[in-house]
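Worksheet: one structure, shown below.
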Number of protein chains: 2
Amino acid sequence: MTDPRHVPPSAGPRYQQVADALARDIARGLYEVGSLLPTEAQLCTLFNVSRHTVREATRRLVDVGLISRQAGVGTRVKARTTAARYTASLGSLSELVEYIHSTRLTLLSAGSVAADARLAETLHCRRGQRWFQLRTLRYPVDRSEPIAYTEIHVPPQFRDIEQDIDGGTVSILRQIELRSGERVVEVLQEIGACAIPAPQARLLGVAPRSPGLQVLRTYRGAGERTLCASLIVSPAHRFTLSTRWRLEQGAPIGPHAPADRASPAPA
Amino acid sequence: MTDPRHVPPSAGPRYQQVADALARDIARGLYEVGSLLPTEAQLCTLFNVSRHTVREATRRLVDVGLISRQAGVGTRVKARTTAARYTASLGSLSELVEYIHSTRLTLLSAGSVAADARLAETLHCRRGQRWFQLRTLRYPVDRSEPIAYTEIHVPPQFRDIEQDIDGGTVSILRQIELRSGERVVEVLQEIGACAIPAPQARLLGVAPRSPGLQVLRTYRGAGERTLCASLIVSPAHRFTLSTRWRLEQGAPIGPHAPADRASPAPA
DNA sequence: AAGTGGTCTAGACCACCGA
DNA sequence: CGGTGGTCTAGACCACTTA
C-alpha cells in the first residue's frame, strides 16, 4: 500500500506540482547534489509551464535549501533532502530574560569587582578581569519569597548605567546597546544544577547547599565582545525553564509561536 | 506631513524600493498595525509599477513579518517594525538528546506502568495513563560513574520497540517514527532543579536529596500526539545544557521566514 | 559572445471573502 | 455580487558568468 513511486501527481498549484516533481527527482538522485538543474527555459518545456511558474517552483526549493540559483551560472542542487532542523525562537530578548512577567527586582548591591577564580570560571573570563556587578533578588509581585538571585556583570565602562534596574537585565542591555552602539548578536546560555552556597541560600530563604538551578547567560555583541553576563540561581521548584523546539518544515506555513520561556513552578 | 520622497530612493531593484518605501510608511505610522494596505492595484498606480513588482515587494514584507496577505480580504499590517528575533537551532534531534557523544547506556528495566500521581504530573498526562517505560543509566565511556538517570516513556503500542537501546532516545524515536509513520514535529523541554530522590541517588552514586538537574522532554508528532517522553535526572556538575541564541537579522538570505508573531513586544 | 538567472511589464482567469 | 489576493502566460531587457 505504500509504494513511494505511486505518488499521485501532487495537488495544488502548478508551481507546487513542479516543485514536488523536482524535489522528488532530486531525492531520487536524478539530479545529483552539486550538479546543475536544467535551465529555467528547459524546465519550462519539460513541464510545459511558463517561466514564471518554474521560478515560483524553484523559489520554494531555494527556500527549503534544496537548491540555489546563481545568475549567469544556473541552478545548483544543494541537498538531496531537506534536513530536519529543529529550532526554537524568541520574539525578543525579554522573552528569554523576563521569565515571569509579574515580578519585581530588588537591588542588593552594585559595585566594581575583580573576578576571583570561581567567578572567572563561571563567566569564562580571565581571573582578575574587572566587572561592574549588580546583585539582585527577584520576587513574584504577590509573594515575599524570592524566586531567584541574579548577578549581572557588565564591563566597567558601563558602570554608570542607570541603576533603576526594575526593568531587569533587558533594560540594562538596552542601555548598553544604546551607549555602545552595539547590538546583542548572540546569547550563550548554560544551565546546570548546583548546591546553593550559604550566602545566596540565606537570601533565598532556603537551607545552605539545597538544590538550585543555575543559569549563566552571556550576551555578546559582534566580534564576540561580551556586553553583559548574568548568573541566575534559583531554588528547586521555584521555576522551570521551558523551551519549545519545532521541526522546521520546508515551507514555513502557518504561524508558529515557539518561545523559550521560563515559567514558575506551581506553588 | 513631510515628503517621504526626500528620503533617498533606496537602491536596488524596483521591488526593493517599493518594499523599502512601504516598510518606511508602516514604521512612520502611515499604515497602522491591523489596518489594510492599499490594494495591489492601488499600489501599482501609486508606485507606477506592474502588479508583479508590487507582489514581489510585498512578498519580502510578508517574509519579514511586517504584513500578511489574505485572498479576498487584502494585505494587513502585522507589525510596525521587524522585531529582533533570537533563534536557536539544532541540526537534528540528536544534538538535543545526545548531550555527550561518547557515552554508553545501560538498561535497568523495561515494562509497562500506569502513571501514578507523581508521574502524571511530571509527564503532564492523566493519572492512570499507561506507558511503556524504559529506565536507563548513561555513563561516559571511560568512567564508571553515571552522569544521568533517564526514564523513557512511550505509548504502549510501541512497547515492542527493539530494546537494544544503545542508540538512546534518538534511535527509539526513529523506530517510533518508522512504525507510526509520524514525524517528531516538536519537542517541549522543561528544565528544573530537584533534590534527587533516594532510589535514583543510589543509582547515581550520590547522597539522597542532593542537587540534580531534571530535564523533561516531550516529543510530539502532528496533532500534539505524544510519541515519547523522557525524564533525565543528573547530579549537579556532571553535565550542563548549553544553548546558543543568535540574532536573526531582518531579511536574511534564505527566507526561512518566521511566521507572524502576535506580540509586538518591547516598547 | 552566448547563455544564465534577475527583473519587469501587460494581461488574464480563478477562488475566495464580505456586503 | 464586486473586489481581493493567488496563479499563470507570453514576452522583454538586463547583469552576470563562462568560455
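Just the heavy atoms: all of them, side chains too, but no hydrogens, waters or symmetry mates, feed the values below. Note on naming: letters A, B, ... go to the chains in the order of the sequence lines (proteins, then strands), and numbering restarts at 1 for each one.
One can place CD of B:E40 at 6 Å from P of D:dG6, the figure rounded to the nearest angstrom. Distance CD (B:Q17) to P (C:dT7): 12 Å, rounded to an integer number of Å. For the pair A:R55 CZ and D:dG11 P, the interatomic distance rounds to 18 Å; values are reported in whole Å. For A:Q42 and C:dT4, the CD to C1' distance is 11 Å, given to the nearest whole Å. Atom CD in B:E56 sits roughly 16 Å away from atom P in D:dG5 (whole-Å rounding). Atoms CG (B:L61) and C1' (D:dG5) sit 15 Å apart, rounded to a whole Å. Across the protein-nucleic acid pair, B:N48 atom CG and C:dA10 atom C1' stand 13 Å apart, rounded to whole Å. B:H52 places its NE2 atom 14 Å from the P atom of D:dG6, with the value rounded to the nearest Å.
Using a distance-only test at 3.5 Å, with no hydrogens or angles considered, a donor-acceptor pair links the side chain of A:Q17 to the main chain of A:G12. The main-chain N or O of B:Y31 is never found under 3.5 Å from a side-chain atom of B:S35 such that the two would form a donor-acceptor pair.
Between B:Y15 and C:dT7 there is a side-chain N or O to OP1 or OP2 distance below 4.0 Å. Of the side-chain N and O atoms in A:R69, none sit less than 4.0 angstrom from OP1 or OP2 of C:dT4. When the side-chain nitrogen and oxygen atoms of A:T53 are compared with OP1 and OP2 of D:dT9, one or more of them lie within a distance under 4.0 Å. Under 4.0 angstrom from either OP1 or OP2 of D:dG5 there lies at least one side-chain N or O belonging to B:T75.
For the side chain to side chain donor-acceptor pair (under 3.5 Å) test, residues two or more places apart in sequence or in another chain that qualify with A:T58 are A:R69.
In this structure, B:H52 and A:H52 have perpendicular ring planes: the angle between them is above 60°, well past the 30° mark.
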Starting at the 5' end of nucleotides 12-17 of chain C, put B wherever the base has a protein heavy atom under 4.0 Å, S where only the sugar-phosphate does, and a dash everywhere else. B---BS
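There is no side-chain donor-acceptor pair under 3.5 Å between B:Q129 and B:H153.
If you check every strand for non-hydrogen atoms under 4.0 Å, A:R14 touches sugar and phosphate atoms only.
Other residues, nucleotides and ligands contribute more than 12 heavy atoms inside 6.0 Å of the CD atom of B:Q157. Residue-environment remark: CZ (B:R179) exceeds the threshold of 12 foreign heavy atoms within 6.0 Å.
Each of D:dC8, C:dT7, D:dG5 was ranked by its minimum atom distance to the side chain of A:S50; first place goes to D:dC8. Checking C:dC8, D:dC8, C:dT9 against the side-chain heavy atoms of B:V49 singles out C:dT9 as nearest. Residue B:T39 has its side chain nearest to D:dG5 when only D:dG5, C:dG6, D:dC8 are considered.
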